[in-house]
Enquirer: 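Before I ask anything, let me first share the structure, which is written out below as structure tokens.
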Amino acid sequence: MKNKESIDRVIQINNIDIGQNISKLRKAMNLKQTDMVAKLQTNGVDISIYSYNRIEKGTQNPTVVFLYACCHILECDMNMIFDFK
């Protein structure tokens, strides 16, 4: 059972590269990583540039809140982030 400080994370498995997909979408909108972090923070996501960079590299798993905020900022849905056809 989780305590109230637990954070739900999405684990990248089965060759789903969530971070790479977010990076492609971000670059398509001509946003720098620092711009993306600022927008995420404005949307209530507590994240540093270091953590964001690790998510894009695939060395840190994103939270569900992070993914929803990315969808809002990048004007896409979860299918695009998970690259479902």
Side-chain angles (χ1 to χ4, degrees):
M1 180 151 173
K2 294 181 179 186
N3 61 32
K4 67 179 184 176
E5 285 84 31
S6 293
I7 298 174
D8 290 327
R9 294 199 180 273
V10 176
I11 299 173
Q12 302 181 52
I13 57 170
N14 297 330
N15 297 324
I16 296 174
D17 196 343
I18 298 166
Q20 187 176 38
N21 296 339
I22 291 170
S23 177
K24 287 177 187 174
L25 292 166
R26 174 183 59 79
K27 289 175 183 175
M29 293 187 74
N30 294 317
L31 291 172
K32 298 177 189 175
Q33 283 188 344
T34 53
D35 298 331
M36 189 67 177
V37 169
K39 289 179 179 287
L40 285 164
Q41 290 172 344
T42 302
N43 279 277
V45 179
D46 184 21
I47 191 165
S48 67
I49 186 68
Y50 175 74
S51 291
Y52 181 83
N53 183 273
R54 290 183 63 210
I55 290 170
E56 277 198 2
K57 286 182 180 178
T59 59
Q60 180 172 322
N61 292 317
T63 63
V64 174
V65 172
F66 170 87
L67 293 173
Y68 277 113
C70 283
C71 287
H72 174 73
I73 295 163
L74 299 171
E75 300 172 1
C76 67
D77 61 14
M78 287 290 181
N79 291 324
M80 291 185 75
I81 288 182
F82 284 89
D83 198 25
F84 290 135
K85 305 290 185 223

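Note that this is a predicted model, so its numbers are computed, not measured.
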Enquirer: Just wondering, do C70 and L40 contact through their side chains at under 4.5 Å, heavy atoms?
Expert: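 Contact flag for L40/C70 side chains = yes.
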Enquirer: About how many Å separate CD1 of I18 and CD1 of I81, when rounded to the nearest 0.5 Å?
Expert: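 That separation rounds to 8.5 Å.
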Enquirer: Of all the heavy-atom pairs spanning V45 and A69, show the shortest one and how long it is.
Expert: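 Between these two residues, the closest heavy atoms are CG2-CB, 3.6 Å.
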Enquirer: S23 side chain to G19 main-chain N or O, any donor-acceptor pair under 3.5 Å?
Expert: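 Absent.
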Enquirer: Using the rule side chain to side chain donor-acceptor pair (under 3.5 Å), only one of Q20, R26, K24 pairs with E56; which is it?
Expert: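 For E56, the side chain to side chain donor-acceptor pair (under 3.5 Å) test succeeds with only one of Q20, R26, K24, which is R26.
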Enquirer: Calculate, to the nearest 0.5 Å, the distance between atoms CG and NZ belonging to L74 and K27 respectively.
Expert: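 These two atoms lie 13.0 Å from each other.
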Enquirer: Tell me whether N43 contacts the main-chain N or O of K39 through its side chain, where contact means a donor paired with an acceptor under 3.5 Å.
Expert: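 Judged by distance alone, yes, a pair lies under 3.5 Å.
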Enquirer: With side chain to side chain contact (heavy atoms under 4.5 Å, CB included) as the test, pick out the partner of C76 among N21, I22, L25.
Expert: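 Passing option: L25.
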Enquirer: Is any side-chain heavy atom of Y68 less than 4.5 Å from a side-chain heavy atom of H72?
Expert: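 No - every pair of side-chain heavy atoms lies 4.5 Å or more apart.
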Enquirer: Would you name the heavy atoms of I47 and Q41 that are closest together and state the gap between them?
Expert: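 The pair with the smallest heavy-atom distance is O-NE2, 2.7 Å.
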Enquirer: Which pair of non-hydrogen atoms, one from M78 and one from C71, has the smallest distance, and what is that distance?
Expert: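 Where M78 meets C71 most closely, the heavy atoms are N-SG, 3.7 Å.
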Enquirer: List the steps, then state whether side-chain contact (heavy atoms from CB on, under 4.5 Å) holds for M29 with I73.
Expert: CA-CA 10 Å; M29 293 187 74; I73 295 163; 5.8 Å; no
